[in-house]
Amino acid sequence: MAHTAMSGTGTNAQNDPLQTAVWRLRSRGCWTDAAALLATREGADVAVQRTSLLIERCLFTGEGWDEAEDSLRTAEAVADDDDARGAAACERGQLAYAATVLGVRDRADEARTALGRAAALLAPGSSGRPLLDFRRGLIAEHIADSPQAARAAYRRAHAGATAHDDPLLLSFTWRHLAGLALREDELADARHGFAESLRLREELGFLVGTAPALAALADAEPEPEASRLRAEATRLFRLLGGVPSWLAAQLTPPAPAA
């Protein structure tokens, strides 16, 4: 969606000071504050954007589920055309996906249904289509355990993000395509994808997403570079107060053998 495309200085195509402020808060993991800024505006697009912020907080912290659900219901209620209804359905799919993969509650069927509804509502050339394709890839990879279907969805999302000039989404598609390459021991492709993801996030100033990008690249690099990247990821992780929470297990060294 348009509000994900930000420049390296946190500006946006419309030079909207509010969107710039929202981005700067979001990029530092201040999702609640960013969502509060949007309360000053009305409309279906704003309702979806606010919901997206709160769902991202759930995915990064494992908290805030009720607030995200309430915001989602509002976005669904104010949706006034197929694009808005499709965007809201895409967010419902993401919230259900997040709850499932973080072990809060199994909502896999709801995630699939919601993303299927979004696919029926969003036009093929819609700016929301690449994000939908990416999220369908997440379902395929992490719920259905179908790497081939995931790769196809990520590639569609990658092409769409390129066409719509969405560098933030590209940072996600690069990372997940690289993750699939790593699973198949395609180290050169994995390193390239992880490095591109990290580069984009650093250029955008997406601080809250930089530690995961560093840790992912570390998994594909030999020593001593891997340890250097992991140490930098740990520093950022602690700086942001342990966000994203799921990264803790990846950064914590194994206990020494007895």
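Residue numbers run from 1 in the order of the sequence given.
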Are side-chain N/O atoms of [X] and [Y] paired as donor and acceptor at under 3.5 Å?
| X | Y | value |
| --- | --- | --- |
| Gln94 | Glu56 | no |
| Arg105 | Thr100 | no |
| Arg201 | Ser171 | yes |

Has the side chain of [X] got a donor or acceptor atom that lies under 3.5 Å from a matching backbone atom of [Y]?
| X | Y | answer |
| --- | --- | --- |
| Ser227 | Glu223 | no |
| Arg228 | Pro224 | no |
| Arg129 | Leu122 | yes |
| Thr40 | Leu37 | yes |
| Trp31 | Ser52 | no |
| Asp185 | Leu187 | no |

Exactly one of Arg50, Glu91, Glu76 should register a side chain to side chain contact (heavy atoms under 4.5 Å, CB included) with Ser71. Which one does?
Arg50
How about [X] and [Y]: do any of their side-chain heavy atoms sit closer than 4.5 Å?
| X | Y | value |
| --- | --- | --- |
| Pro130 | Arg156 | no |
| Val243 | Ser245 | no |
| Ser27 | Val208 | no |
| Leu200 | Leu168 | no |

Would you indicate whether Gln148, at its atom CD, is surrounded by more than 12 heavy atoms from other residues, nucleotides or ligands within a distance under 6.0 Å?
no
Would the number of heavy atoms belonging to other residues, nucleotides or ligands and lying under 6.0 Å from CG of Asp80 be above 12?
yes
Would you compute the distance between atom CG of Leu177 and atom CZ of Arg175 and round it to the nearest 0.5 angstrom?
12.0 Å
One should read off an interatomic distance between Leu217 CG and Leu198 CG, to the nearest 0.5 angstrom, of 6.5 Å
Who pairs with [X] by side-chain contact (heavy atoms from CB on, under 4.5 Å), at least two apart in sequence or on another chain?
| X | result |
| --- | --- |
| Thr162 | His158, Leu170 |
| Glu184 | Arg151, Glu186 |
| Glu141 | Ala150, Tyr154, His176, Leu180, Arg183 |
| Glu69 | Leu72, Arg73, Arg92, Leu95, Arg107 |

Decide, yes or no, whether a salt bridge links [X] with [Y] under the criterion of side-chain N to carboxylate O below 4.0 Å.
| X | Y | result |
| --- | --- | --- |
| Asp33 | Arg24 | no |
| Asp133 | Arg136 | no |
| Glu203 | Arg199 | yes |

Take Phe134 and Thr173 through the side chain to side chain contact (heavy atoms under 4.5 Å, CB included) test and state the conclusion after the steps.
CA-CA 7 Å; Phe134 173 69; Thr173 56; 4.0 Å; yes
Mind jotting down which residue pairs meet the salt bridge (Lys or Arg N to Asp or Glu O under 4.0 Å) criterion with at least one end in residues 210-222? Sequence neighbours excluded, please.
Arg191-Glu221, Asp219-Arg230
Do you know the tightest heavy-atom contact between [X] and [Y]?
| X | Y | answer |
| --- | --- | --- |
| Pro212 | Leu247 | N-CD2, 3.8 Å |
| His164 | Ser127 | CE1-CA, 3.7 Å |
| Ala220 | Ala190 | CB-CB, 4.3 Å |

Please list all pairs meeting ring pair (Phe, Tyr, Trp, His ring centres under 6.0 Å) that have one or both residues in residues 68-94, counting only residues at least two apart or in different chains.
none
